[in-house]
Amino acid sequence: MTTTTDLVSYEDALASYDPVMGLEVHVELGTKTKMFCGCSTALGADPNTQTCPVCLGMPGALPAVNATGVESAIKIGLALNCEIAEWCRFARKNYFYPDMPKNFQTSQYDEPIAFDGYLDVQLEDGETFRVQIERAHMEEDTGKSLHVGGATGRIHGASHSLLDYNRAGIPLIEIVTKPIEGAGERAPEVARAYVRELRELIRALGVSEARMEMGQMRCDVNLSLRPHGREKFGTRSETKNVNSLRSVERAARFEIQRHAAVLNDGGTIIQETRHFHEDTGSTTSGRVKEEAEDYRYFPEPDLVPVAPSRQWVEEIRSGLPELPLVRRNRLREEWGISGNDMQSILNAGALDPIVATIDAGADAASARKWWMGELARSANESGKALDELAITPVQVARVAELVTKGELNDKLARQVILGVLAGEGTPDEVVDKRGLKVVSDEGALTTAVDEAIAGNPGVADKIRGGKVAAAGALVGAVMKATRGQADAARVKELILEKLGVAEG
Amino acid sequence: MSDIIKLTAAEIAAKIASGELTAVQVTEAHLARIEAVDEKVHAFLHVDREGALAQARAVDEKRERGEKLGPLAGVPLALKDIFTTEGIPTTVGSKILEGWIPPYDATVTKRLKAADVVILGKTNMDEFAMGSSTENSAYGPTGNPWDLTKIPGGSGGGSSAALAAFQAPLAIGTDTGGSIRQPASVTGTVGVKPTYGGVSRYGMVAFSSSLDQGGPCARTVLDAALLHEVIAGHDPMDSTSIDAPVPAVVEAARNGSVDGMRVGVVKQFRGEGYQAGVVQRFDESVELLKSLGAEIVELDCPSFDLALSAYYLIAPSECSSNLARFDGLRYGARVGDDGTHSAEEVTSLTREAGFGPEVKRRIMLGTYALSSGYYDAYYGSAQKVRTLIKQEFERAFEQVDVIVSPTTPTTAFAIGERADDPMAMYLADLCTIPTNLAGNAAMSLPCGLAPEDNLPVGLQIIAPAMKDDRLYKVGAAVEAAFVEKWGHPLIEEAPSL
């Protein structure tokens, strides 16, 4: 297959076929040291400076299991509602590749540490889709190859290759779904939502930062089509190492269209790995799997079996944080907002800042208002994420507090926030420096109210005649005279009082 | 021949501690012996003259400063070339590691250094410890000091020959299917395969991970015990190492006795293929044990007959994976890197030139046995046999304290005699392999010369896992009785070279 295959439109593809997906996600754990040796896992070091005889596969070197890696795997398994094996082993997956020092990968085969679970994921409209989890197992990452001299950075045409083993041996958890059926046209959306939910989960567990752009989380999208009504799965393609949420969705969508085109032409899908290209949104053929590769798995004799005691597993379970979906549902109820509102908050990346602002003393409504309003606008304009803005949740909470106390009104508060973002200091410092205080001196206000009434006799008459709504014009005049620093509510009270009208 | 080289390790250590000898004198005497005879014996692949003398000087300085010396301080040792030694070549008897200088010390190497043992050099071995004659070394065979035309056993033939030729009083071997015990047997020396997990495998180049076990080699039971105590014990770098106190082997070796012990004789360890003189010396050993107060118990262990077959599936399977790392990319030999070959081709050329025929045979056997579709029939079945053998040992040890057998069915055969017949070669490990499969402990010690060829015969003692001390208790008693009977240790009958 080449990229020049004509695609069938997405709608037409779905009219004839039912997509089935399998998602394999690799997560690099954030442990301080590698899975089987004491080398650092820190990113950004010079090539081959974080290596030792073990992760270089030197003759005689032996692995020793990183207990934190096992604990992280159990956490992930529990959070995915999996069974945790009472006894399991590592296995050797034998194949040759220069960036794999031992020429076998220490992994798990038929005895994964976690199996038979599920993850509920929420789609854009708030609907929940349950993805069944086949297994989560522990393994080690490979090194990295850099192919030099070729046009594409791939090995083809390269004059030589450079190898960096810093990544070799970094703990990985591979999470494999069962076939995802019944998602229909929403399959690509389900794929994206699943990977996003998994990422949130991994972060909430604190086992990895799961930054896809850094390769800390990578997704393989396996996809096949079958005609509606048929039970048997079609031949799948395996799109490897898709590294953003958007790409996961696009890759699935592209493969649905490509498969449909091949099948409509009477062709057959070749079981092969494919590469996804961000620029074109398309996939191209990688390696053809003519027959299942024989990895000659066998139990790793250099490691003793992993047998987590039930007591340990229960301790880990009881220490799990509230999981993201549960938390979101709880907050949605507490805040009394709709599923769509929550989705907007998530899409804006505002959930954690809002919660932190509430934790710092603000009420939920104002925390949401500021983060989804003024701050979202600023972030949008400056092209930053909310948590990259130069304001802290504590500072936002302070602004909200000043509004509640009546020391600021919304308009002034916005100026305070802009001041903080501009680096002028804390909210209180900005208030002082810019002289942004609600005028609460009754004397000054009374004078301003008197002047407004005197200057607008017609309006004053209307109010006296019962048209309370007309007071807005007088309030506006007072606010103008005080350069916005008055408390509008108090101004209105004073006007009505002066004119002898009770608020209706 | 200087008297120093005839001393046991225990005697050397005592003389150094008392100041009667210096470590440098002892080391120089052994280096001189190596210089004099190793051209004929070829026990060593590398002699670290400077390193050994530096270690010896350090011991002497320690003594001069009045520091306490360990029980083997200043005693020279020959290290099998399968243990990594920082800065010193480690070839594993293979061309594929020719020129490799390891950047780290094996745990055994570290412990020897920490105990102030003087490492003289690295000894010859069958390539990757695969063989029973040391003929599979890529660097040429080793001669048996009893008869240089005969094999010194294998894979640890260099270590056993170094002991029998008085080039060193101590040596280290590794035993995957008998590579410590069979060489000890055919050279009239003592060799112990500790309980699996008793001695760290970290830095011991792997042949078959679930079977490999390093252990002590010496000319006396006590010396082996002293060395055992230095190298054994838990190592966090080896997950399979046992986290329990080392059995009290030295104490056992100093208090040899079999009085009241139940000693098993396994029916399966005799019959076709056993040399008459070997059977004769073994039967005499059983009589000796009886006369020393042991009760002899006949045992039937039918699955032991399957041990060799199971071993030749498990060991090659693990080796096919363990040796995959030798691809010419990171260390050792590299062939074909002339700009005209791809990395894959360089790996093929390197392995083609770097591995010898026996290693290739086992890699192919193991690759086949692990292949999908064959795994259950071969590797899977072999693991079941392994479980049966373990269970038969467990049942046997409900009835007896130790088991005895000939170590190997024949005395040393001629160099070249079995080189082209792998099956004949594999039979040399018939009596030793069950112990590796079960993971328990065993010793070989001399029990006389076979009347027909005047070559040493070995008696094997097998103990349950973590009861290594029983080997020494029984071994010391047998050794003492034989020395009394012969009027001297057997090794004194070896030719002077």
Side-chain angles (χ1 to χ4, degrees), chain A residues 36-38 48 51-67 89-106 109-110 143 145 147 155-156 158-163 165 168 291-306, chain B residues 82-84 90 92 94 96-97 100 102-107 109 128 197 200-206 208-212 235-241 314 317-318 320-327 329-332 339 342-344 347 366-375 379-380 383:
Chain A
F36 301 116
C37 66
N48 297 310
T51 58
C52 73
V54 176
C55 58
L56 287 177
M58 289 273 175
L62 295 174
V65 173
N66 181 335
R89 287 181 291 189
F90 285 94
R92 292 188 184 178
K93 181 180 182 180
N94 294 287
Y95 65 99
F96 284 85
Y97 205 77
D99 62 19
M100 196 168 58
K102 296 170 293 188
N103 284 319
F104 62 78
Q105 182 187 31
T106 307
Y109 180 48
D110 49 1
S145 303
H147 304 298
I155 196 162
H156 183 73
S159 63
H160 62 285
S161 304
L162 299 172
L163 295 164
Y165 292 106
E291 49 192 298
E293 216 161 326
D294 190 350
Y295 292 118
R296 291 175 285 118
Y297 280 102
F298 72 105
E300 165 60 280
D302 284 330
L303 292 170
V304 290
V306 176
Chain B
I82 196 169
F83 290 92
T84 59
T90 300
V92 202
S94 180
I96 211 156
L97 275 180
W100 183 52
Y104 77 107
D105 274 337
T107 298
T109 309
F128 283 98
S200 170
R201 291 185 297 115
Y202 190 77
M204 193 177 109
V205 180
S208 179
S209 310
S210 73
L211 300 165
D212 297 343
D235 176 14
M237 299 294 275
D238 174 2
S239 312
T240 62
S241 106
I314 293 169
S317 294
E318 292 183 3
S320 72
S321 174
N322 281 332
L323 270 58
R325 70 187 62 192
F326 299 98
D327 57 13
L329 297 183
R330 286 167 297 276
Y331 39 74
S342 69
E344 205 176 307
T347 294
T367 305
Y368 188 78
L370 288 177
S371 296
S372 74
Y374 298 100
Y375 180 93
Y379 188 79
Q383 290 293 1

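A note on names: the letters A, B, ... follow the listed sequences, proteins ahead of strands, and every chain is numbered from 1.
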## Note on the structure
All heavy atoms of B:S321 vs all of A:F104, minimum pair found to be OG-CD2, 3.3 Å
### Query
Distance from A:L303 atom CG to B:D238 atom CG, nearest 0.5 Å?
9.5 Å
### Task
Check A:P299 against B:Y379 and note the closest heavy-atom contact, atom names and distance.
CD-CE2, 4.2 Å
### Query
With only heavy atoms counted, which part of B:P236 is less than 4.5 Å from chain A, the side chain, the backbone, both or neither?
backbone
### Message
Is it true that, when you exclude A:Y95 itself, more than 12 heavy atoms of the residues, nucleotides or ligands shown sit nearer than 6.0 Å to its OH?
### Response
yes
#### Entry: Option that, when pairs with chain B are counted at under 4.5 Å, heavy atom only, ranks first among A:A64, A:G38, A:P101
A:P101
### Task
Rounded to the nearest 0.5 Å, what's the gap from OG on B:S210 to CD on A:E300? Could you check?
10.5 Å
### Message
For B:Y202 versus A:P53, what's the shortest heavy-atom pair and its separation?
### Response
OH-CB, 4.0 Å
#### Entry: Top of B:T240, B:L211, B:I82 for chain A proximity - count of heavy-atom pairs under 4.5 angstrom
B:T240
### Message
With rounding to the nearest 0.5 angstrom, report the OG1 to CE distance, B:T90 to A:M58.
### Response
11.5 Å
### Summary
Nearest heavy-atom approach of B:Y375 to A:Y297 is CE1-O, 3.4 Å
### Query
Taking A:L62 as the fixed residue, which of B:M204, B:M237, B:R201 is the one that meets the side chain to side chain contact (heavy atoms under 4.5 Å, CB included) rule?
B:R201
### Query
For the residue pair A:D294 and B:S372, what are the closest heavy atoms and their distance?
OD2-N, 2.9 Å
### Summary
Ranking B:A206, B:S371, B:S200 by heavy-atom pairs under 4.5 Å to chain A gives rank one to B:S371
### Message
Using heavy-atom distances under 4.5 Å, tell me whether B:L323 contacts chain A through its side chain, its backbone, both, or neither.
### Response
neither
### Query
Quick one: CD on B:E344 to OH on A:Y97, what's the gap to the nearest 0.5 Å?
10.0 Å
### Query
Which bit of A:N94 comes within less than 4.5 Å of chain B, counting heavy atoms only: side chain, backbone, both or neither?
side chain
### Query
With respect to chain A, which residue among B:S320, B:S317, B:S239, B:G373 yields the maximal number of heavy-atom pairs within a distance under 4.5 Å?
B:S239
### Query
Given the options B:D327, B:T367, B:T107, which has more heavy-atom pairs under 4.5 Å with chain A than any of the others?
B:T367
## Note on the structure
When every non-hydrogen atom of A:P59 is compared with those of B:T84, the smallest separation belongs to O-CG2, 3.7 Å
### Task
Select one option (side chain, backbone, both, neither) describing which atoms of B:D212 are under 4.5 Å from chain A's heavy atoms.
neither
